[in-house]
Amino acid sequence: MDGNGPQKPSPCRKLVPFLLFQVILGTVFFAYIRNGMLSEPGAFGPFALLGNSSAPEKTHPTLTILLWTWPFGARFVIKNCSQLMGTPDCFITADRRWIHAADAVVVHHPDVSQSRRQLPQGPRPPFQRWVWFNLESPSHTPNLGFMDNYFNLTMSYRRDSDIFTPYGWLETLAEPRNVTIPEKSKLVAWVVSNWKHSSPRVKYYKKLRSYIPVDVYGRRHVPLPRDKHLSTLSQYKFYLAFENSVHEDYITEKLWRNSLLSSTVPVVCGPPRKNYERYLPPDSFIHIEDFPTAQGLANFLLELDRDPVRYRNYFQWRRWLKPVGDLGWAIQLCKACKVLQEKPVHYQTVGELSKWFT
Ligand SMILES: *[C@@H]1O[C@H](CO)[C@@H](O)[C@H](O)[C@H]1NC(C)=O
Ligand SMILES: *[C@@H]1O[C@H](CO)[C@@H](O)[C@H](O)[C@H]1NC(C)=O
Ligand SMILES: *[C@@H]1O[C@H](CO)[C@@H](O)[C@H](O)[C@H]1NC(C)=O
Ligand SMILES: *[C@@H]1O[C@H](CO)[C@@H](O)[C@H](O)[C@H]1NC(C)=O
């Protein structure tokens, strides 16, 4: 690829300076585009334009993490992990000039799955760990094969990831508290953005709604701005936390944020009940598999609606536990920061990622 090949025959010799000039020009232009898109304004001086010759010196005593792309192209404020999570800080940056000095490179799958060329390339320092990061389900994760034998650590919602980044969790309270249930004037809500007529969850919903009224929000339905989610949904007794696809541990903000943070009782559709029970007390949710038919589920919800004491039982766990669910990217990166600090650098590669992430 570069000029290190065998001696070229003489007719080509004259081309060499010209080609070299082209290569330099190309590199400068590419570096300009790349840095311009990724760095903070003013973060790259004229030297940044000369390829990697200006790679920053590692002066931070803390671990340096390079975020290869802003997830889904959206910038966010990188926060201080000691403030966010009470863990020692890392230096976290999206400036690709750190590629040779960073201790870890976090690569967000959806942003690099179009082509292998979107992945970081080239030789890596022996201490550097590349982290495969993904919060989408396998059904919505294309081109996993590109990632085989490329990464050192995994970072996902799967509990067997090296860096476990679930969509939410329950925190234990230091003291029990009295549970107050918000005023409930409505019955069942569902927020759905990706509406597919043929999907199992839509089919199930269609059966359910012939036995019990369900208010549907989202694109193609009643619009519900994100900042109105909690205040609107908390008026409902039940929330349909139906995942878009069924995979082990794939339990998303539909449960943690839409349902639990708005104090509704989740009716879940996703992995089996046993999988949910790894993360939640058994009496905190209703699983559609608890009933042989949609009609059975509907009857049960109507029964609970008429029986405030039994309905209240679905809130008892909140005496001791508090759901955490509205997580931003900054928190996920701090989780990576924590694990990378704790895990010594050993040789480790993720072989067949595409076989594991199913
Ligand atoms: C630039 O990249 C080359 C090849 O990857 C590497 O050998 C060299 O150390 C890098 N230079 C700096 C200053 O990082
Ligand atoms: C993080 O916040 C703490 C507490 O405010 C402060 O002492 C520390 O310098 C901050 N670290 C970084 C890297 O900003
Ligand atoms: C909880 O409610 C009980 C009974 O109403 C009351 O005696 C107690 O002080 C309350 N506890 C807290 C922490 O508010
Ligand atoms: C990371 O994985 C790559 C690809 O398998 C490997 O070449 C490299 O040595 C690994 N680095 C570490 C620190 O494990």
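Any value given below was found using the heavy atoms of this structure, including those in side chains, with hydrogens, waters and symmetry copies removed. Counting starts at 1 for both ligands and their atoms, following the listed order. Index from 1, following the sequence. Worth saying up front: this structure is predicted, and the values here are computed from it rather than measured.
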Peer 1: Would you please classify the geometry between the Tyr279 ring and the Phe164 ring as parallel, tilted or perpendicular, with 30° and 60° separating the classes?
Peer 2: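 Tilted.
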
Peer 1: Counting non-hydrogen protein atoms only, what is the nearest one to atom 6 (C) of ligand 3? Give residue, atom name and distance.
Peer 2: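 Protein heavy atom at minimum distance: Asn178 ND2, 4.1 Å.
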
Peer 1: Would you tell me whether His229 and Ser262 have side-chain atoms, one donor and one acceptor, within less than 3.5 Å of each other?
Peer 2: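 Short answer, no.
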
Peer 1: For atom 5 (O) of ligand 4, what's the nearest protein heavy-atom neighbour? Residue, atom name and distance, please.
Peer 2: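 In this structure, atom 5 (O) of ligand 4 has Thr349 CG2, 2.8 Å as its nearest protein heavy atom.
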
Peer 1: Specify the protein heavy atom at minimum distance from atom 14 (O) of ligand 4: its residue, its atom name, and the distance to 0.1 Å.
Peer 2: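 Here the nearest protein heavy atom works out to Gln348 N, 2.9 Å.
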
Peer 1: Could you tell me which atoms of ligand 4, counted from 1 in the order shown, lie closer than 4.0 angstrom to a heavy atom of Asn149?
Peer 2: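 Every atom of ligand 4 under 4.0 Å from some heavy atom of Asn149: 4 (C), 5 (O).
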
Peer 1: Arg318 and side-chain contact (heavy atoms from CB on, under 4.5 Å): which single residue from Pro281, Ser284, Ser263 fits?
Peer 2: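 Of the listed residues Pro281, Ser284, Ser263, the side-chain contact (heavy atoms from CB on, under 4.5 Å) partner of Arg318 is Ser263.
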
Peer 1: What protein heavy atom lies closest to atom 9 (O) of ligand 4? Include the residue and the distance to one decimal.
Peer 2: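 Checking every protein heavy atom, the shortest distance to atom 9 (O) of ligand 4 gives Tyr347 CE1, 3.2 Å.
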
Peer 1: Under 2.5 Å between the SG atoms of Cys337 and Cys90: is that the case?
Peer 2: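 Judged by the SG atoms alone, which are under 2.5 Å apart, Cys90 and Cys337 are bridged.
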
Peer 1: Between Tyr205 and Trp195, what is the ring plane arrangement, given parallel below 30°, perpendicular above 60°, and tilted in between?
Peer 2: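 Plane angle over 60°, so perpendicular.
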
Peer 1: Quick one: do Arg257 and Asp326 make a salt bridge, cutoff under 4.0 Å?
Peer 2: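 Salt bridge present between Arg257 and Asp326.
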
Peer 1: Parallel under 30°, tilted from 30 to 60°, perpendicular over 60°: which one fits the rings of Phe238 and Tyr311?
Peer 2: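 Ring orientation, 0 to 90° scale: perpendicular.
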
Peer 1: Considering only protein heavy atoms, which is closest to atom 12 (C) of ligand 4, and at what distance to one decimal place?
Peer 2: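 Its nearest protein heavy-atom neighbour is Asn152 ND2, 3.2 Å.
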
Peer 1: For atom 2 (O) of ligand 3, decide whether some protein heavy-atom distance is shorter than 4.0 Å.
Peer 2: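 Protein heavy atom within 4.0 Å of atom 2 (O) of ligand 3: present.
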
Peer 1: Identify, for atom 13 (C) of ligand 4, the protein heavy atom at the shortest distance, and state residue, atom and that distance.
Peer 2: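 Looking at atom 13 (C) of ligand 4, the protein heavy atom closest to it is Pro126 O, 3.4 Å.
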
Peer 1: Which part of Arg124 is near ligand 4, with near meaning a heavy atom under 4.0 Å away: side chain, backbone, both or neither?
Peer 2: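 Looking at Arg124 and ligand 4, just side chain atoms fall under 4.0 Å.
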
